[in-house]
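Atom set for the values below is all heavy atoms of this structure, side chains included, hydrogens, waters and symmetry mates excluded.
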Number of protein chains: 2
Amino acid sequence: MSTTQERTAEQDLPYDVFSRACPSRGTLEHVTGRWGALTLGALYQGSFRFNELRRRVDGVSEKMLAQTLHALERDGLVHREAQPTNPPRVDYELTALGREVAGRLLALIECVEGRMDEVLASRERYDERRTPTA
Amino acid sequence: MSTTQERTAEQDLPYDVFSRACPSRGTLEHVTGRWGALTLGALYQGSFRFNELRRRVDGVSEKMLAQTLHALERDGLVHREAQPTNPPRVDYELTALGREVAGRLLALIECVEGRMDEVLASRERYDERRTPTA
DNA sequence: CAGAATCCCAACTGATACTG
DNA sequence: CAGTATCAGTTGGGATTCTG
C-alpha cells in the first residue's frame, strides 16, 4: 500500500462524490436519477397523492414511482403522510431538505430546457459530421 | 383535440421534461446520469485528458467514460480537442453551454454533500422504524 | 495514450396480477 | 386508492482484448 493521499486541492467537505465509496453518490443518484429528478420536480409544486404523482410524472410505472418515493423518503427528502382511512389516502410532500435540493434541481432542469435548441442544433451538427457522405 | 390544456401555471418553455416525449429528458439524463454528472463536475475544474478524467471520476470504466463523453459532446456540452500527434493527445473541456449546466449541477452536488449528515441520520431513523424489533 | 469491439452478468424497468 | 409480488425483456456497465 504505497498509496499516497493525492489530495486534489478541491475543498474540505467531509463528503466527496467523486470518490467511489462516498455515500453522497447514492443520494445524488436518487436525486438525479430519471424518476427521482422528475418526482422531486413535481413535488416542488405542492403536495400530491400517489396517483396524482403518477399522472404528473408522465411515463412512470407504479413500481418505479413507489421505489423512487421510498428512496427519497429514506433519504429524508420526501415526507409521506398516510391517513388510515378507507379507502386509504396518502400524501407526499417535500421536506425542508427536499425543497432545498429540489430547488437546485429545478434550476438545472430549467437551464437545460431553456437551452434545448442549442443542444438539438449541436446534435444535428454532430450527426452530420459523422454521417458517411456516401 | 379535446385535450384541455391543463397549464399547471409553470412557465411557457417550449420544452417540458415532465412530458414523456420531450427531448429534454434525454439530455437531462446525460447530464444527471451517474457518470454524466461526475464527468461534468470534474470538467468544471478545467481541461483534462481521457485518462486524467478516468482518474478523477473514481470508478468509471473506459467504456462508460467514452460513452458519456460522446453523449455530452453530441449535446454540445463538452468540446473534444484532438491533436493528431503520436501518441495521440485528446483534451476535453466544457463548452460555454456546458459550463452553465455544470454550474447548476455543481450547486446541486454541493448542496447534497453539505447535507449528507441529515440524509444519513434520516436513513438510520427510517431503517430503524422498519426493522422488526424481534 | 486514446479509444473501439466484444462478451457477459447484473440491475433496471415495465406489464400484469394480486392485496389491504 | 395505494401499494406489493412476480416475471420477462432491455439496458447498463465492467473486464478484457485489440487497434491506431
ask   = Any donor-acceptor pair under 3.5 Å linking the side chain of B:Arg123 with the backbone of A:Arg74?
value = no
Rounded distance in Å - CZ (B:Phe50) to P (D:dG20) = 18 Å
inquiry  = Please give me every residue in residues 77-91 of chain B whose heavy atoms get under 4.0 Å of an atom in DNA chain C, ordered by residue number.
reply    = B:Arg80, B:Pro88, B:Val90
task = Would you mind reading off the distance between A:Arg54 atom CZ and C:dG14 atom C1', rounded to a whole angstrom?
result = 10 Å
ask   = With B:Arg89, which residues qualify under side chain to side chain contact (heavy atoms under 4.5 Å, CB included), at least two apart?
value = B:Arg49, B:Gln83, B:Thr85, B:Asp91
query = What residues in residues 60-68 of chain A put a non-hydrogen atom under 4.0 Å from any atom of DNA chain C?
reply = A:Ser61, A:Glu62, A:Lys63, A:Met64
request  = Please answer whether the main-chain N or O of A:Glu113 pairs with a side-chain N or O of B:Ser24 as donor and acceptor at a distance below 3.5 Å.
outcome  = no
message = Could you check whether atom CD of B:Glu52 has more than 12 heavy atoms from other residues, nucleotides or ligands sitting under 6.0 Å from it?
response = yes
remark   = In whole angstroms, the gap separating P of D:dA2 from CG of A:Leu53 amounts to 10 Å
remark   = Side-chain atoms of A:Asn51 come closest, of C:dA2, C:dG14, D:dA2, to D:dA2
query = Roughly how many Å is it from CD in B:Glu73 to P in C:dA2, rounded to a whole number?
reply = 15 Å
Partners meeting side chain to side chain contact (heavy atoms under 4.5 Å, CB included) with A:Ala42 (sequence neighbours left out) = A:Leu53, A:Arg56, A:Val57, B:Phe18
task = Classify the nucleic acid contact of B:Gly59 as base, sugar-phosphate or nothing, counting any heavy atom under 4.0 Å across all strands shown.
result = sugar-phosphate
remark   = For residues 31-45 of chain A, the salt bridge (charged side-chain N to carboxylate O under 4.0 Å, His left out) pairs (sequence neighbours left out) are A:Arg34-B:Glu29
Sequence neighbours excluded, every pair satisfying salt bridge (charged side-chain N to carboxylate O under 4.0 Å, His left out) that has a member inside residues 60-71 of chain B = B:Arg54-B:Glu62
query = Is the phosphate of D:dG13, meaning OP1 or OP2, less than 4.0 Å from a side-chain N or O of B:Arg34?
reply = yes
ask   = Is the shortest side-chain N/O distance from A:His70 to OP1 or OP2 of D:dT4 below 4.0 Å?
value = yes
message = Between B:Asp58 (side chain only) and A:Ser19 (backbone N and O only), is there a donor and an acceptor less than 3.5 Å apart?
response = no
ask   = Any side-chain donor paired with an acceptor under 3.5 Å for B:Asp117 and A:Tyr15?
value = yes
ask   = Between D:dT11 atom C1' and B:His30 atom NE2, what is the distance in whole Å?
value = 13 Å
key: A:Tyr92 vs D:dC1: side-chain N/O to OP1/OP2 distance below 4.0 Å   = no
query = Where the side chain of A:Trp35 is defined as all heavy atoms beyond and including C-beta, which of D:dA2, C:dG14, C:dC1 is the nearest nucleotide?
reply = C:dG14
